[in-house]
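Structure record follows, encoded as structure tokens.
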Amino acid sequence: MDAYEPHPSDPVPHDERSPMRASDQDRTTAVAVLGDAYAAGRLDYAEFQERTDRAWKSVYTSDLEALLRDVSSHQGAQLAHPDASGSRLPRVSGKTGPGVSAAVMSGQERNGPWTCPARHTVVSVMGGVVLDLRDAEFESADTVITCHCVMGGVDVIVPDDIDIEVSGLGIMGEFAASREVTGVRRPGNGVRVRITGYAVMGGVGIERKERGED
């Protein structure tokens, strides 16, 4: 008897071993787990950067799980199940936002509800920029804000529920944050913002304020 050959119109059987394609939220969650591993010292900075880049480019959830396997024992559950509110990471929307805030001999202020992208650049040349993150959402749980300040000023206002790391350089100027800013540690499902760059004959300041506080 001749072997049965499937007809092109026959339904394709479901393969339970088929990989699941990763969503934007899966990638965001994986980056947050990597950020926690970096903060705990399980990854050095180069490893964190490499894995983060690979996470954003991952196609399948199995790719993400491979990146997390040696740094978290709960990565499968974190990728697969949102919390009771339906959101894995408060404040993280996965949506992008304006990439640049700039003031050249002028001023700009970002406040109220807005979306901060994973990489945001601030340019202040003989001007002033106020970047208020208190009511902002974030594209990524790990965000980098890079400040280029020349004879100007940049004020970054942050709430208590995000973690801040500051690594900027002041050249005949100041790039600073108080202990009250950098000493707060985010909750396990929160957001980390790294603020870097330089201030030449100008100043970049980071402060914490409660919502509604002037």
Residues at least two apart in sequence or cross-chain that pass side chain to side chain contact (heavy atoms under 4.5 Å, CB included) with D53, listed by chain then number, are none

For Y60, the other hydrophobic cluster members (4.5 Å side-chain criterion, sorted by chain and number) are V59

- prompt: With side chains defined as the heavy atoms from C-beta onward, is the minimum distance between D135 and N111 less than 4.5 Å?
  reply: no

Nearest heavy-atom contact between C147 and F175 is CB-CE1, 4.2 Å

So the salt bridge (charged side-chain N to carboxylate O under 4.0 Å, His left out) pairs with at least one residue in residues 114-131 (sequence neighbours excluded) are none

Taking every heavy atom of S101 against every heavy atom of R110, the minimum-distance pair comes out as OG-NE, 2.6 Å

For a 4.5 angstrom cut-off between non-hydrogen side-chain atoms, does T115 reach F138?
no

For E50, the side chain to side chain contact (heavy atoms under 4.5 Å, CB included) test, sequence neighbours excluded, returns R54

For V123, the other hydrophobic cluster members (4.5 Å side-chain criterion, sorted by chain and number) are V104, M105, V125, M126, V150, M151, L169, I171, M172, Y198, V200, M201

Check the pair H148 / T121 against side-chain contact (heavy atoms from CB on, under 4.5 Å), numbers first and verdict last. CA-CA 8 Å; H148 306 280; T121 300; 3.6 Å; yes

Hey, mind stepping through I195 and V156 against side-chain contact (heavy atoms from CB on, under 4.5 Å) and telling me if it holds?
CA-CA 9 Å; I195 301 175; V156 183; 3.9 Å; yes

Tracing side-chain contacts under 4.5 Å among Ile, Leu, Val, Met, Phe, Trp and Tyr outward from I157 reaches V130

D155 meets the salt bridge (charged side-chain N to carboxylate O under 4.0 Å, His left out) criterion, sequence neighbours left out, with none

Residue set satisfying side chain to side chain contact (heavy atoms under 4.5 Å, CB included) with A118, at least two apart, ordered chain then number -> E139, S140

Hits for salt bridge (charged side-chain N to carboxylate O under 4.0 Å, His left out) against K209, two or more places apart or cross-chain, chain-then-number order -> E207

Q) Do T52 and D142 have side-chain heavy atoms sitting under 4.5 Å apart? A) no

d(L133 CG, I164 CD1) to nearest 0.5 Å is 6.5 Å

Those residues at least two apart in sequence (or on a different chain) that pass side chain to side chain contact (heavy atoms under 4.5 Å, CB included) with T196 are V144, T146, S167

In this structure, OG of S62 is separated from CZ of R21 (nearest 0.5 Å) by 11.0 Å

Run L131 and V154 through side-chain contact (heavy atoms from CB on, under 4.5 Å) and show every step you take. CA-CA 8 Å; L131 207 63; V154 177; 5.6 Å; no

Nearest heavy-atom approach of G128 to A103 is O-CB, 3.4 Å

I'd like to know if R42 and D70 make a salt bridge, using a cut-off of under 4.0 Å between side-chain N and carboxylate O.
no

Practice item. Kindly indicate, with the supporting measurements, whether the criterion side-chain contact (heavy atoms from CB on, under 4.5 Å) is fulfilled by D63 and K57. Key: CA-CA 9 Å; D63 300 331; K57 297 175 183 177; over 6 Å; no

Quick one, I145 and V193 - any side-chain contact, counting heavy atoms below 4.5 Å?
yes

The salt bridge (charged side-chain N to carboxylate O under 4.0 Å, His left out) partners of D132 (sequence neighbours excluded) come to R134

Contacts satisfying ring-ring contact (aromatic ring centres under 6.0 Å, His included) that involve residues 100-131 (not counting sequence neighbours) are W114-H120

For A102 and V129 the tightest heavy-atom approach is C-CG2, 4.2 Å

* For G153, does its backbone N or O pair with a side-chain atom of S124 as donor and acceptor, under 3.5 Å? -> yes

